[in-house]
Novice: 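Structure provided below as structure tokens; questions to follow.
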Amino acid sequence: MLTKGKKIGIMLVCVIFLCSIMVGCIERKEQEGVTSASSQILTIGYGRDTNVESPKMMGFMPEMMVLERLIEYRDGKILPELASSWDIKDNGRTIIFHLRSGIKFSDGQPFTADDVKFTFERLKALKYYHWTEADRIDSIEVIDPHTIAFHYKEGKEGYIALTAFGEYHCSIMSPASVEPKGDVKGKIVNPIGTGPWKVAEYVKDQYTIFVPNELYRGEKPKLDKIIVKDIPDAETRVLALRSGDVDMIVDYYHGGSRYTPRNSLEPLKSAGFNVFKCEMPMTTVIVFNYHKKPWDDVRVRKAVNYAIDKEGVSALFDNWVAPAKHGLYGVKGPYIKESNVEEYPYDVNIARNLLEEAGYKELEADLILKGENPDEVKLGEFIQAQLKKAGINVKLDVLEGGAYNERRNKGDYDLRIYYIGGPERRSYTRTDGRFNPDAPEFKYGAYDDPELTRVLKIAVSSFNDSERRKAFKEFYQLLHDKAGVVPLYYDAVFIVANKKVRGVKYVSSEPRFTGVWIE
């Protein structure tokens, strides 16, 4: 039988042995850079599925986290990314990119011109012409492993074609991303890129897990893992943040939808959450059905401009968005700082006089709204009250997405709320797409006029900076004089996070997570 002293001795030996094992495990984990105490996992609530596995294109979030582009468009400048430089030939008929060497995809394969060709031939094969100008590319020529040329059919796309290479969907993916491998019409099954993150797990409409790409050449992520939860309902995302189910809620990268309701921002800030705001060259506007009376009359359109109190619009959203008082865009629009356009001041008397001059004592108007967006409905109610003072009686039609699109496409409306611009990388393509009837995306356009279109085409196509500057200034002034739309407020994107989340920053209008850590 063991004596009491021997029992104690054996217990001490066991404790020492177990402690030595634990210390060894801790030391080994520390050598590998991972301990339970230092585990860095960020959980994000996001309004859309990341669409990682897709027959066509992924969502913006994985395209920005996993993939990179040939160029970046930032602060009004085109900057090199996967391409180190480029040459413009024959006034834009050919664009040649010189690619960086030594870059690898996250699966270890080298990045070459063949991967660029695959990406753009995929865009053409899937007829994905949204923003990319891919349909106007006549041929793609691989000159050598690090040089590639794009030849255009007409050679008149100009500067806008160059900016389009920084578009989301022009992000370069490995041919191994699709099944069957290398098939330009294949389904994306696992996006493989050269960016700082890679996809570890994806469950459609539920969550996506991103982990660091060990082969990334730039700043290494501080986080071990990012879990992005798909939470479509805005109020549910806010509740998930408040309950601690997520650490952060992030506005949809595109802007204009699936964002944190503006009136939720102040209560969240008061509750101790950090709110990170980034203005973008995007403006919420009223669009007229200008092809029919009375909206084809510039006096009527001007009357609506005068009848809306822009400061009141901003106050409606607790002043988290800026009133549109200085032209089409806020400070980040192309050459907007050099424009001297001042928007129409709030003056109901002038609005009434303009309507009477156009022959209308009172007007009836249908305003179509998307019911999925609570801010849009609130804004519609504000517009209804404002226009009533000027003699315009507005009926609000709050519709679900499909019914809204049908009414819009048929032209069965008088007024609708829309957005102009978007993320900075879309400054040229989105402006062109809203006001140029020849643009691929103009079926969703806001306003067109022959004089306006002529000037805009110079603004987006000229390779000469002075010509672009002059044309943009003229475009902004013409749009104002013709009262083509009613700018309401300059939009922004927001991140709301608990105070343990540190290092949040935006590049352009998109969040970057490489510098983020959990305190």
Side-chain angles (χ1 to χ4, degrees), residues 41-51 59-61 64-65 203-210 223 225-280 282 284 313-322 369-382 398 400-401 417 419 422-423 489-506 509-513 516 518-519:
I41 300 175
L42 176 71
T43 304
I44 296 173
Y46 191 58
R48 289 179 182 261
D49 180 62
T50 60
N51 203 31
F60 299 136
M61 181 178 277
M64 293 305 298
M65 293 176 65
V203 178
K204 184 173 177 58
D205 296 327
Q206 294 187 42
Y207 65 85
T208 308
I209 297 176
F210 297 93
L223 295 167
K225 184 186 297 184
I226 295 178
I227 303 171
V228 179
K229 293 186 176 182
D230 177 19
I231 309 176
D233 182 70
E235 298 298 337
T236 305
R237 286 197 301 279
V238 171
L239 289 173
L241 179 66
R242 286 184 176 275
S243 69
D245 188 46
V246 300
D247 304 304
M248 171 191 290
I249 49 179
V250 175
D251 283 3
Y252 181 44
Y253 278 48
H254 172 286
S257 63
R258 303 295 174 95
Y259 55 77
T260 304
R262 305 310 185 217
N263 294 115
S264 296
L265 296 171
E266 199 62 41
L268 286 168
K269 184 178 179 181
S270 298
F273 293 95
N274 288 325
V275 179
F276 302 91
K277 175 182 177 179
C278 181
E279 290 190 6
M280 60 198 308
M282 176 173 167
T284 294
V313 172
S314 180
L316 187 67
F317 300 119
D318 298 329
N319 297 309
W320 281 102
V321 293
L369 303 165
K370 288 184 178 179
E372 67 186 33
N373 188 337
D375 281 1
E376 185 166 310
V377 175
K378 181 178 294 188
L379 181 58
E381 292 168 348
F382 178 84
V398 181
E400 59 84 23
I417 294 172
Y419 58 91
Y489 63 84
Y490 303 133
D491 214 334
V493 287
F494 294 88
I495 292 172
V496 188
N498 67 47
K499 290 199 170 182
K500 291 185 178 180
V501 179
R502 315 294 288 179
V504 173
K505 71 174 183 178
Y506 291 93
S509 58
E510 296 118 357
R512 294 289 188 271
F513 300 111
V516 173
I518 309 295
E519 194 172 59

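This chain uses plain numbering: 1 for the first residue, then up along the sequence.
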Novice: Rounded to the nearest 0.5 Å, what separation is found between the OH atom of Tyr489 and the OH atom of Tyr419?
Specialist: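 Here the rounded value is 12.0 Å.
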Novice: Keeping the roles fixed (side chain from Glu376, backbone from Lys370), state whether a donor-acceptor pair exists under 3.5 Å.
Specialist: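 Yes; judged by distance alone, with no hydrogens or angles, the pair exists.
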Novice: Tell me which one of Val250, Asp251, Ile495 satisfies side chain to side chain contact (heavy atoms under 4.5 Å, CB included) with Thr260.
Specialist: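 In the set Val250, Asp251, Ile495, the residue that makes a side chain to side chain contact (heavy atoms under 4.5 Å, CB included) with Thr260 is Asp251.
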Novice: To the nearest 0.5 Å, how far apart are OG1 in Thr208 and CD1 in Ile226?
Specialist: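 Reported value, rounded in 0.5 Å steps: 11.0 Å.
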Novice: Can you give me the closest heavy-atom contact between Thr43 and Lys229, atom names plus distance?
Specialist: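 Scanning both residues, the minimum pair turns out to be CG2-CE, 3.9 Å.
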Novice: To the nearest 0.5 Å, tell me how far Leu268 CG sits from Leu241 CG.
Specialist: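 If I round to the nearest 0.5 Å, the distance is 6.0 Å.
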Novice: Mind running side-chain contact (heavy atoms from CB on, under 4.5 Å) on Leu42 and Lys225 for me, showing each step along the way?
Specialist: CA-CA 6 Å; Leu42 176 71; Lys225 184 186 297 184; over 6 Å; no
Novice: Working note: Trp320 + Glu266, criterion side-chain contact (heavy atoms from CB on, under 4.5 Å); need CA distance, chi angles, decisive distance, verdict.
Specialist: CA-CA 9 Å; Trp320 281 102; Glu266 199 62 41; 3.2 Å; yes
Novice: Could you check if a side-chain atom of Glu510 sits within less than 4.5 angstrom of a side-chain atom of Val493, using non-hydrogen atoms only?
Specialist: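 No, their side chains stay 4.5 Å or more apart.
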Novice: Please check if the number of heavy atoms outside Lys277 that lie under 6.0 Å from its NZ is greater than 12.
Specialist: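 More than 12 within 6.0 Å, yes.
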Novice: Let me confirm one number: the CZ-CE distance from Arg48 to Met61, rounded to the nearest 0.5 Å.
Specialist: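 Arg48 atom CZ to Met61 atom CE measures 12.0 Å (nearest 0.5 Å).
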Novice: Return the CZ to SG distance between Phe494 and Cys278, rounded to the nearest 0.5 Å.
Specialist: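 Rounded to the nearest 0.5 Å, the CZ-SG separation comes out at 9.5 Å.
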Novice: Where is the tightest heavy-atom contact between Ser509 and Pro423, given as atom of each residue plus distance?
Specialist: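 Scanning both residues, the minimum pair turns out to be OG-CA, 3.4 Å.
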Novice: Are the side chain of Asp49 and the backbone N or O of Asp205 linked by a donor-acceptor pair below 3.5 Å?
Specialist: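 Checked: pair present.
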Novice: So which heavy atom on Val377 is nearest to which on Leu369, and how close?
Specialist: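 Heavy-atom minimum between the residues: CA-CD1, 4.2 Å.
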Novice: Testing Val246, Leu265, Val501, Val238 for side chain to side chain contact (heavy atoms under 4.5 Å, CB included) with Val496, which one passes?
Specialist: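 Only match with Val496 under side chain to side chain contact (heavy atoms under 4.5 Å, CB included): Leu265.
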Novice: Treating Thr50 as the side-chain partner and Gly59 as the backbone partner, does any N or O pair qualify as donor plus acceptor under 3.5 Å?
Specialist: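 Looks like no, no N/O pair under 3.5 Å.
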Novice: Among residues at least two apart in sequence or on other chains, which ones pass side chain to side chain contact (heavy atoms under 4.5 Å, CB included) with Phe382?
Specialist: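 Once residues adjacent in sequence are excluded, the partners of Phe382 under the side chain to side chain contact (heavy atoms under 4.5 Å, CB included) criterion are Val313, Leu316, Gln386.
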Novice: Is any side-chain heavy atom of Leu379 closer than 4.5 Å to one of Thr284?
Specialist: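 Contact flag for Thr284/Leu379 side chains = yes.
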Novice: Do the side chain of Arg242 and the main chain of Ala271 share a donor and acceptor less than 3.5 angstrom apart?
Specialist: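 A pair under 3.5 Å: no.
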Novice: Kindly compute the distance separating CD1 (Ile518) from CZ (Arg502), expressed to the nearest 0.5 Å.
Specialist: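 Ile518 atom CD1 to Arg502 atom CZ measures 10.5 Å (nearest 0.5 Å).
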Novice: Does Lys204 NZ have over 12 foreign heavy atoms under 6.0 Å away?
Specialist: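 Above 12, so yes.
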Novice: Less than 6.0 angstrom separating the ring centers of Phe210 and Phe513, yes or no?
Specialist: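 Ring centres of Phe513 and Phe210 not closer than 6.0 Å.
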Novice: Looking only at side-chain N and O atoms, does Asn274 offer a donor or acceptor that is under 3.5 Å from a partner on Lys269?
Specialist: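 No - no donor-acceptor pair under 3.5 Å links their side chains.
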Novice: Under a 3.5 Å distance rule, please check whether Asp491 uses its side chain to pair with a backbone N or O of Met282 as donor and acceptor.
Specialist: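 No; zero donor-acceptor contacts below 3.5 Å.
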Novice: The test is side-chain contact (heavy atoms from CB on, under 4.5 Å); show your working for Met64 and Arg512 and say whether it passes.
Specialist: CA-CA 9 Å; Met64 293 305 298; Arg512 294 289 188 271; 3.4 Å; yes
Novice: Spell out, as yes or no, whether a donor-acceptor pair under 3.5 Å connects the side chain of Tyr506 to the backbone of Phe276.
Specialist: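 Looks like yes, one N/O pair under 3.5 Å.
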Novice: side-chain contact (heavy atoms from CB on, under 4.5 Å) between Tyr253 and Tyr46: does it pass, once the steps are laid out?
Specialist: CA-CA 10 Å; Tyr253 278 48; Tyr46 191 58; 3.5 Å; yes
Novice: Are the side chain of Asp233 and the backbone N or O of Glu235 linked by a donor-acceptor pair below 3.5 Å?
Specialist: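 Answer holds: yes.
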Novice: Would you check if the side chain of Arg258 reaches a backbone N or O of Tyr252 as a donor-acceptor pair within less than 3.5 Å?
Specialist: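 It does not hold such a pair.
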Novice: Would a distance-only check, ignoring hydrogens and angles, find a side-chain to backbone donor-acceptor pair under 3.5 Å from Asp375 to Arg262?
Specialist: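 It does hold such a pair.
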